[in-house]
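Heads up, the thing below is written out as structure tokens.
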Amino acid sequence: MWSPPMTNRFKWNVDGSSIEKPGPSRIGGVLRNHHGILLGIFSLLVGILDSNVAELRAVVKAIELSASNCFLHHKYIIIESDSANVISWMNNLHNRPWIHHKLFSSA
């Protein structure tokens with residue numbers, strides 16, 4: 001069940017999925033404000049990836065879109081993912097797989 005961010009904050013809910021490991025993958029995300037109003041959305045095919053990498057790409061895409069939108073500059077933005085691996089990677093520099101260093105450095 002979706003829970004809204006606190007007042008005057010924004011939340012991306014992102015997901016990445018793959019058919020097989022690796023396999024054809026897509027990413028998507030939805031940006032909402034504290035009222036639940038839809039402010040942005042993305043959905044992309046991202047090639048043949050592992051599901052963890054697809055989820056990471058979804059997080060990176062949300063960061064890129066937020067950074068490129070002047071309305072969101074200097075705003076508090078939450079990115080919510082259901083991937084325990086990606087959350088761990090984003091929160092702890094030492095947990096990040098070296099093979100994906102380019103994705104992390106772009107975020």
Side-chain angles (χ1 to χ4, degrees):
M1 183 169 179
W2 182 79
S3 62
M6 294 173 64
T7 302
N8 296 322
R9 297 183 180 193
F10 303 89
K11 183 194 280 188
W12 279 106
N13 290 91
V14 300
D15 197 22
S17 65
S18 297
I19 301 171
E20 299 181 15
K21 252 183 147 28
S25 303
R26 349 184 32 93
I27 62 173
V30 175
L31 177 67
R32 292 186 176 106
N33 66 11
H34 63 277
H35 295 294
I37 295 171
L38 179 68
L39 302 173
I41 191 167
F42 69 89
S43 177
L44 301 165
L45 295 170
V46 289
I48 306 297
L49 299 173
D50 174 274
S51 58
N52 287 313
V53 179
E55 192 82 27
L56 176 58
R57 295 272 308 264
V59 169
V60 169
K61 181 51 110 178
I63 292 168
E64 290 171 348
L65 290 170
S66 297
S68 69
N69 185 324
C70 62
F71 171 75
L72 294 174
H73 289 186
H74 307 291
K75 303 288 194 230
Y76 192 94
I77 299 171
I78 299 163
I79 300 177
E80 189 171 273
S81 164
D82 63 359
S83 170
N85 286 333
V86 172
I87 292 167
S88 173
W89 295 344
M90 296 307 288
N91 288 331
N92 188 339
L93 179 68
H94 303 293
N95 286 345
R96 296 176 179 177
W98 174 250
I99 193 166
H100 306 305
H101 73 278
K102 286 185 181 180
L103 273 174
F104 290 111
S105 66
S106 69

Cluster link [X] to [Y], ILVMFWY, side chain under 4.5 Å:
{"X": "Val53", "Y": "Ile63", "value": "yes"}
{"X": "Trp12", "Y": "Leu38", "value": "no"}
{"X": "Ile19", "Y": "Val46", "value": "no"}
{"X": "Ile41", "Y": "Leu44", "value": "no"}
{"X": "Leu39", "Y": "Phe42", "value": "yes"}

Item to check | Partner of Val59 by side chain to side chain contact (heavy atoms under 4.5 Å, CB included), out of Ile79, Ile27, Ile87 | outcome: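 One option only clears the test, and that one is Ile79.
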Heavy atoms, side chains only, cut-off 4.5 Å: are [X] and [Y] in contact?
{"X": "Leu31", "Y": "Leu72", "answer": "yes"}
{"X": "Val14", "Y": "Lys61", "answer": "no"}
{"X": "Pro5", "Y": "Phe10", "answer": "no"}

Checklist entry - According to the side-chain hydrogen bond (donor to acceptor under 3.5 Å, both in side chains) rule, which pairs have a member within residues 13-33, sequence neighbours left out? => result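 Applying side-chain hydrogen bond (donor to acceptor under 3.5 Å, both in side chains) to every pair that reaches into residues 13-33, excluding sequence neighbours, yields Trp2-Asn13, Asn13-Glu80, Ser18-Ser25, Lys21-Asp50, Lys21-Ser51, Arg26-Ser43.
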Item to check | Pairs touching residues 81-92 that satisfy side-chain hydrogen bond (donor to acceptor under 3.5 Å, both in side chains), sequence neighbours left out | outcome: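 Matches after skipping sequence neighbours: Asn52-Asn85, Glu55-Ser81, Ser88-Asn95.
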Checklist entry - Hydrophobic cluster mates of Tyr76, side-chain heavy atoms under 4.5 angstrom, ILVMFWY only, any path? => result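 Joined to Tyr76, directly or through intermediates: Ile78.
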Checklist entry - Taking atom types as modelled and ignoring hydrogens, do the side chains of Lys75 and Ser66 form a donor-acceptor contact shorter than 3.5 angstrom? => result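 Not at all, the side chains of Lys75 and Ser66 share no donor-acceptor pair under 3.5 Å.
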Next on the checklist: Using only atom types and a distance under 3.5 Å, with no angle test, would you say the side chain of Lys11 pairs donor to acceptor with the backbone of Met6?
Outcome noted: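 No, because the side chain of Lys11 does not come within donor-acceptor range (under 3.5 Å) of the backbone of Met6.
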Checklist entry - Would you say the side-chain atoms of His34 pair up with the backbone N or O of Pro4, donor to acceptor, closer than 3.5 Å? => result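 Such a contact is absent between His34 side chain and Pro4 backbone.
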